[in-house]
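Letters A, B, ... mirror the listed sequences (proteins, then strands); counts begin at 1. In this text, all values refer to a predicted model and were calculated from it rather than measured experimentally. Keep in mind that the numbers below use all heavy atoms, side chains included, and drop hydrogens, waters and symmetry copies.
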Protein chains: 2
Amino acid sequence: MHNQFHHTAEDMIRHNGGRATAGRIGILAILLAEQHAITHREIEQRLPQEQQLDRVTLYRALEWLAEKNLIHKVTSDDRAWRYHANRDVQSHQHAHFKCTCCAQVICLDKLPVERNWPLPAGYRFQEIELTVKGLCANCC
Amino acid sequence: MHNQFHHTAEDMIRHNGGRATAGRIGILAILLAEQHAITHREIEQRLPQEQQLDRVTLYRALEWLAEKNLIHKVTSDDRAWRYHANRDVQSHQHAHFKCTCCAQVICLDKLPVERNWPLPAGYRFQEIELTVKGLCANCC
DNA sequence: CAATAATCGCAACATTGTTGCATTTATTTG
DNA sequence: CAAATAAATGCAACAATGTTGCGATTATTG
């Protein structure tokens, strides 16, 4: 029930001055273990039976983790946010890939993302969100 | 109550073999008149009092218009789709800008969008969704 | 104008997410 | 270690967005 990331997760949380509660640790450990960005629902499913969290608690924990830059949110076209751990505390200015068949989402960390977009006059750039859609290796 | 785009809207709909109903025409005319991509709610607000549509009807009309390539949907981070008319029937492979302050969304039609993203082996590209976030001229 | 297939509107439901508030708990302090 | 306390949790209720089924209405065709 404790995966290999529990210790790391707890450290990351304490480093940010937060309470190391079972919920937060469990959630972050799950996200650290996961290759893909996953939804609220998928996180719930991966939590062991004996420590299921209230939906609200889960949302609030995710909000806190994102605030502290330990994870980041990925916007998708199905109205559900997906979450992914930040392995390094770099900027999250990277792209995501979403399979149009199985809805799997991965981070494309190595994708260079230009910063100087030609916006209309008077507009100010802050960040970009880029999702590449297509078929993953399994669905091809 | 009839803006200048009603006639165009009706033509576009008939050209696609659909019934030219007041609802569809009104919706498309509104989207043609609009510079920005707007939400379901905003469309409702712009419809004249005497021809308010059921929410379901509005959704289905938008779905039909998008299917026929007369409009396109824009994914956003607030779980609400925004819609924008396709003035030409070109690909909609362009970027969108969203103001993080007033939530206004515009199309960045002139933004060149590269097509050869370095995806993992075995992955197939289909399309991209790119949203640039920042502050619009009003909110700067 | 009648026939008919497409469209509409209502009711009910589904999903995702949020808010307020009382309860519980991790951490700190003595 | 026990008490104090601020932070986190869980419940109930709500909000926003969108969907489904189905009977009623309507645009179009002949």
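Toward the 5′ end of DNA chain D lies the nearest nucleotide of Ala80(B), the other residue of the pair Ala80(B) and Ala22(B) mapping further downstream. The residue among Thr21(A) and Asp78(A) whose nearest nucleotide of DNA chain C lies closer to the 5′ end is Asp78(A).
Under 3.5 Å, the side chain of Arg24(A) and the base of dA8(D) form no donor-acceptor pair of N or O atoms. With hydrogens and angles ignored, a donor-acceptor pair under 3.5 angstrom links the side chain of Arg55(B) to the base of dG18(D). Between the base of dT15(C) and the side chain of Arg41(A) there is no donor-acceptor pair shorter than 3.5 Å. Between the base of dA7(D) and the side chain of Arg19(A) there is a donor-acceptor pair shorter than 3.5 Å. For Arg60(A) and dG10(D), a side-chain-to-base donor-acceptor distance below 3.5 Å is present, hydrogens and geometry of angles not being considered. At a cut-off of 3.5 angstrom, counting only N and O atoms as typed in the model, there is a donor on one side and an acceptor on the other between the side-chain of Arg79(B) and the base of dT16(C).
Glu129(A) and Thr131(B) share no donor-acceptor pair across their side chains, judged by distance under 3.5 Å alone.
Nucleotide dA16(D) holds its P atom 12 Å from the CD atom of Gln45(B), rounded to whole Å. Here dC10(C) presents its C1' atom at 16 Å from OH of Tyr59(B), a figure rounded to the nearest Å. The separation between Leu65(A) atom CG and dT9(D) atom C1' is 15 Å, rounded to whole Å. Atom-to-atom, CG of Asp54(B) to P of dG9(C) comes out at 6 Å; the value is rounded to the nearest Å. The CD-C1' distance, from Glu67(A) to dA8(D), rounds to 14 Å in whole Å. We find that CH2 of Trp64(B) is positioned 15 Å from P of dA27(D), with the value rounded to whole Å. For the pair Leu62(B) CG and dT17(D) C1', the interatomic distance rounds to 13 Å; values are reported in whole Å. The distance from atom CD of Gln51(B) to atom P of dT7(C) is 17 Å, rounded to the nearest whole Å.
Across all strands shown, Ala61(A) has no heavy atoms under 4.0 Å from either base or sugar-phosphate atoms.
Using a 4.0 Å cut-off between charged side-chain N and carboxylate O, Asp78(B) and Arg79(A) make no salt bridge. In this structure, Arg46(A) does not pair ionically with Glu42(A), as no charged nitrogen and carboxylate oxygen lie closer than 4.0 Å.
The distance from atom CD1 of Ile25(B) to atom CG of Leu32(B), rounded to the nearest 0.5 Å, is 11.5 Å.
Ring pair His72(B)/Tyr83(B): centre-to-centre distance not below 6.0 Å.
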